[in-house]
Visitor: 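Below is a structure I'd like to ask you about.
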Amino acid sequence: MTAAPQPFGLLAEVTHQCPLHCVYCSNPLQLRDRNDELSTGDWLRVLDEAAGLGVVQVHFSGGEPLVRADLETLVAECRRLGLYTNLITSGLGLTARRAESLVSAGLNSAQLSIQGDAAESTDLVAASKRFDKKEEAARIIRGSGLPLNMNVVLHRLNLSRLDAIIDVCVGWGAERLELANAQYYGWALRNREALMPTKDQLDEAVEVYRRRKAELGQRVELLWILPDYYEPYPKPCMGGWARTALTVAPDGVVYPCPVAAEITTMEFSSVHDHDLAWIWAESPAFEAFRGTDWMPDPCRSCPRKETDFGGCRCQAFALTGDAGRTDPVCVHSPDHHLITDALARANQRDAAVDHTLVYRRPTVAARGL
Ligand code: SF4
Ligand code: FES
């Protein structure tokens, strides 16, 4: 057993309800029902236990976290506990009054997502016509005094619009923009054929990113999240399994990362049955891939094993059915052909071929958001 390090961040997925239906949603394929969501009292206990564990940042996410009417109570508890708070939002449902009450409760920052540079891209990717609401949300966030952080997931259907996407975010007053190339598990894996970019598209987008980063300098911080399928080595996912952060799902089940619910061969514990300290330090699921002792070859004897920790456990499971295998993205992985085959298809395919998109299944209309 490797001694448990201290976690730094908590992703509090307070609900899976959401007004959007994104084709790359990072929530599990089986969404948690609203009736199974943790109560306010449960979340207050979880936040208290997180602070006791050493967590310093709480990211309120979903679904759309604004759906929860008790968000202010949770943010206020974080402030009492000395925890930094960040709201990850689609912006739908954000009013000036709500922003004001969240800031009064102690909210420190907000991250607004967009799907592209225009209404058509929001409709195509998220089956929503509310691009106007996103612009309004950006105005509200800035008006509330919070810094405006933005995020866009990049893929085959919007990469060629990168210049225009950056223009929109700069125009709306973003101070930081995360350009997140899609990661292919969950809903995005279902839609991989439609979303996987070509090498040419990516090369052009990297040029745009570099040019705009140099132009914008300190004014807007641009971050490029690597498209791992095109990399020779995997990303150090989550900074290593159960090493720096944990995710509490709406129903109270605790995961080492937001996607791990998809690993159906593992059992994860709930805050209904155990406290966070036990789950973090002792639960079998958190211990399973902590450190490097669990690694098979080629990772076991690889000099990069403390750099990328063998890659992503969720991706290994999604592609091979075994979460304990080397991430197939790695050129040394015996399963690497799964990646090169997918890239070959993406690069040979006629860009005009239409692939039907599978949208995240409809959820409750999120109370009119
Ligand atoms: Fe990383 Fe394992 Fe590949 Fe080495 S063999 S680069 S540790 S994934
Ligand atoms: Fe779960 Fe990478 S997304 S470990």
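Every number for a ligand or one of its atoms is a count from 1 in the order of the listing. This is a predicted model, so every value here is computed, not measured.
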Visitor: Between Lys199 and Asp203, does any side-chain N to carboxylate O distance fall below 4.0 Å?
Guide: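 Asp203 and Lys199: salt-bridged.
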Visitor: From atom 2 (Fe) of ligand 1, how many protein N/O/S atoms are found at a distance short of 2.8 Å?
Guide: 1
Visitor: Gln111 and Asn149: side-chain donor and acceptor closer than 3.5 Å?
Guide: no
Visitor: Within ligand 2, which atoms have a heavy atom of Tyr185 less than 4.0 Å away?
Guide: 3 (S)
Visitor: Do Asn108 and Thr85 have a side chain donor and acceptor closer than 3.5 Å?
Guide: yes
Visitor: For ligand 2, note which part of Cys312 has a heavy atom under 4.0 Å away: side chain, backbone, both or neither.
Guide: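 The part of Cys312 near ligand 2 is both the backbone and the side chain.
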Visitor: Ion pair present between Asp36 and Arg32, side-chain N to carboxylate O less than 4.0 angstrom?
Guide: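 No salt bridge links Asp36 with Arg32.
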Visitor: With respect to atom 2 (Fe) of ligand 2, please indicate if Cys237 possesses an N, O or S atom at a distance under 2.8 Å.
Guide: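 Within the cut-off used here (under 2.8 Å), Cys237 does place an N, O or S atom near atom 2 (Fe) of ligand 2.
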Visitor: Are side-chain N/O atoms of Glu64 and Thr89 paired as donor and acceptor at under 3.5 Å?
Guide: yes
Visitor: Run the salt-bridge test on Glu136 and Arg139 with the 4.0 Å N-O cut-off and return the result as yes or no.
Guide: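 Not counted as a salt bridge, because no side-chain N and carboxylate O are separated by less than 4.0 Å.
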Visitor: Is a donor on one side and an acceptor on the other found under 3.5 Å between the side chain of Arg79 and the backbone of Ser104?
Guide: yes
Visitor: Near Cys257, which atoms of ligand 2 are under 4.0 Å from a heavy atom of that residue?
Guide: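 Near Cys257, the atoms of ligand 2 are 1 (Fe), 3 (S), 4 (S).
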Visitor: Within the side chain of Asp48, is there an N or O that forms a donor-acceptor pair under 3.5 Å with the backbone of Arg45?
Guide: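 No; zero donor-acceptor contacts below 3.5 Å.
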Visitor: May I ask whether Gln315 has any heavy atom positioned less than 4.0 angstrom from an atom of ligand 2?
Guide: no
Visitor: Anything under 30° is parallel, anything over 60° is perpendicular, the rest tilted; go ahead and classify Tyr233 against His332.
Guide: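 Plane angle between 30° and 60°, so tilted.
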Visitor: Enumerate the atoms of ligand 2 whose separation from the nearest heavy atom of Arg313 is less than 4.0 angstrom.
Guide: 4 (S)
